[in-house]
Amino acid sequence: MTGAVCPGSFDPVTVGHLDVITRAAAQFDEIVVTVMINKNKRGLFSVDERIELLGESTSQLGNVRIASWQGLLVDYARELGFTAIVKGLRGAIDFDYELQMAQMNRKLTGVDTLFFPANPAHSFLSSSLVKEVATYGGDVEDMVPPAVHAKLLARIAERNAEA
Ligand SMILES: Nc1ncnc2c1ncn2[C@@H]1O[C@H](COP(=O)(O)OP(=O)(O)OP(=O)(O)O)[C@@H](O)[C@H]1O
Ligand SMILES: [Mg+2]
């Protein structure tokens, strides 16, 4: 059995994430998409909501499950008995940060990181930018999975009403 963790904030999951998850699922027996909990950062969606949206968006992938983790990702990988982390690389900014993280994670536990080059059609996508564009009324329908789109617009409308 080969398995890998696929970590991120997924606030919310985008089609860029889904592309990487789908490709990773074709290379490993099991992928555990892991919502990393950051107590200092309040998201647009709660961790439970992000897990639910990821679950709905990956329901067609039989070897993908969704989890969350607080702490060192490598500890979770070890708990699962996995020796790999998978990540997407959109460009040089991702690379500079991810290389350092990957080297640190390998030094800590021997868990290695495998990178999937972003689909060029998605390499400009991030959750933050999608949220920003949607906040100002831009069309993001083809940037997020169908399960996410309506909930994203509803949440942004709630936030805009509060502000
Ligand atoms: N469009 C994309 N194509 C390929 N990989 C991506 C894409 N967006 C994010 N990723 C990868 O997904 C992982 C998790 O990323 P994360 O949850 O931080 O997403 P993000 O879109 O960068 O969100 P944020 O804007 O909140 O940082 C990272 O490894 C990141 O490189
Ligand atoms: Mg990011």
Side-chain angles (χ1 to χ4, degrees), residues 3-28 30-58 61 64-74 76-77 80 82-106 108 111-136 138-149 151-153 155-156 159:
V5 283
C6 181
S9 331
F10 304 107
D11 184 35
V13 56
T14 69
V15 295
H17 295 129
L18 208 51
D19 185 80
V20 170
I21 294 166
T22 304
R23 287 156 66 196
Q27 300 294 336
F28 289 89
E30 188 181 16
I31 296 293
V32 178
V33 178
T34 307
V35 178
M36 298 302 290
I37 300 171
N38 180 348
K39 278 205 161 158
N40 301 318
K41 228 166 116 182
R42 180 173 170 235
L44 184 64
F45 292 99
S46 70
V47 169
D48 286 345
E49 288 171 328
R50 292 179 219 174
I51 290 172
E52 196 178 318
L53 292 173
L54 275 163
E56 290 174 43
S57 306
T58 58
L61 300 169
V64 171
R65 64 188 172 91
I66 319 296
S68 62
W69 183 257
Q70 186 172 358
L72 290 178
L73 177 66
V74 284
Y76 187 49
L80 292 166
F82 291 176
T83 53
I85 296 168
V86 296
K87 291 241 146 159
L89 273 187
R90 286 164 290 195
I93 295 173
D94 276 349
F95 180 78
D96 282 347
Y97 175 74
E98 297 293 351
L99 179 64
Q100 189 182 16
M101 284 291 290
Q103 289 167 332
M104 175 60 89
N105 283 334
R106 185 156 188 274
L108 288 172
V111 171
D112 235 325
T113 302
L114 301 172
F115 293 105
F116 286 84
N119 180 332
H122 302 145
S123 58
F124 61 94
L125 276 183
S126 70
S127 299
S128 318
L129 192 53
V130 166
K131 286 183 282 191
E132 192 174 335
V133 168
T135 299
Y136 296 107
D139 181 5
V140 296
E141 185 160 12
D142 61 358
M143 301 177 198
V144 291
V148 172
H149 187 244
K151 285 178 180 136
L152 175 62
L153 296 192
R155 181 57 49 87
I156 284 173
R159 282 281 166 95

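Please read all numbers here as calculations on a predicted model, not as lab measurements. Every number for a ligand or one of its atoms is a count from 1 in the order of the listing.
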Side chain to side chain donor-acceptor pair (under 3.5 Å): which pairs involve residues 30-45, sequence neighbours left out? Glu30-Arg65
Ordered by chain then number, the protein residues lying under 4.0 Å from ligand 1 by heavy atom are Pro7, Gly8, Ser9, Phe10, Gly16, His17, Val20, Lys87, Gly88, Arg90, Asp94, Glu98, Ala118, His122, Leu125, Ser126, Ser127, Ser128
Sorted by chain and number, sequence neighbours left out, side chain to side chain donor-acceptor pair (under 3.5 Å) with Arg90 holds for Asp94
For residues 4-25, which side-chain donor-acceptor pairs fall under 3.5 Å, sequence neighbours excluded?
{"unit_1": "Asp11", "atom_1": "OD1", "unit_2": "Leu44", "atom_2": "N", "d": "3.4"}
{"unit_1": "Asp11", "atom_1": "OD1", "unit_2": "Phe45", "atom_2": "N", "d": "2.8"}
{"unit_1": "Asp11", "atom_1": "OD2", "unit_2": "Leu44", "atom_2": "N", "d": "2.8"}
{"unit_1": "Asp11", "atom_1": "OD2", "unit_2": "Lys131", "atom_2": "NZ", "d": "3.0"}
{"unit_1": "Thr14", "atom_1": "OG1", "unit_2": "Gly16", "atom_2": "N", "d": "3.1"}
{"unit_1": "Thr14", "atom_1": "OG1", "unit_2": "His17", "atom_2": "N", "d": "3.2"}
{"unit_1": "Thr14", "atom_1": "OG1", "unit_2": "His17", "atom_2": "ND1", "d": "3.4"}
{"unit_1": "His17", "atom_1": "ND1", "unit_2": "Thr14", "atom_2": "N", "d": "3.0"}
{"unit_1": "Asp19", "atom_1": "OD2", "unit_2": "Arg23", "atom_2": "NH1", "d": "2.8"}
{"unit_1": "Thr22", "atom_1": "OG1", "unit_2": "Leu18", "atom_2": "O", "d": "2.7"}
{"unit_1": "Arg23", "atom_1": "NH1", "unit_2": "Pro117", "atom_2": "O", "d": "2.9"}
{"unit_1": "Arg23", "atom_1": "NH2", "unit_2": "Pro117", "atom_2": "O", "d": "2.9"}

Any side-chain heavy-atom pair from [X] and [Y] closer than 4.5 angstrom?
X     : Y      : result
Val86 : Phe116 : yes
Met36 : Leu73  : yes
Val33 : Ile31  : yes

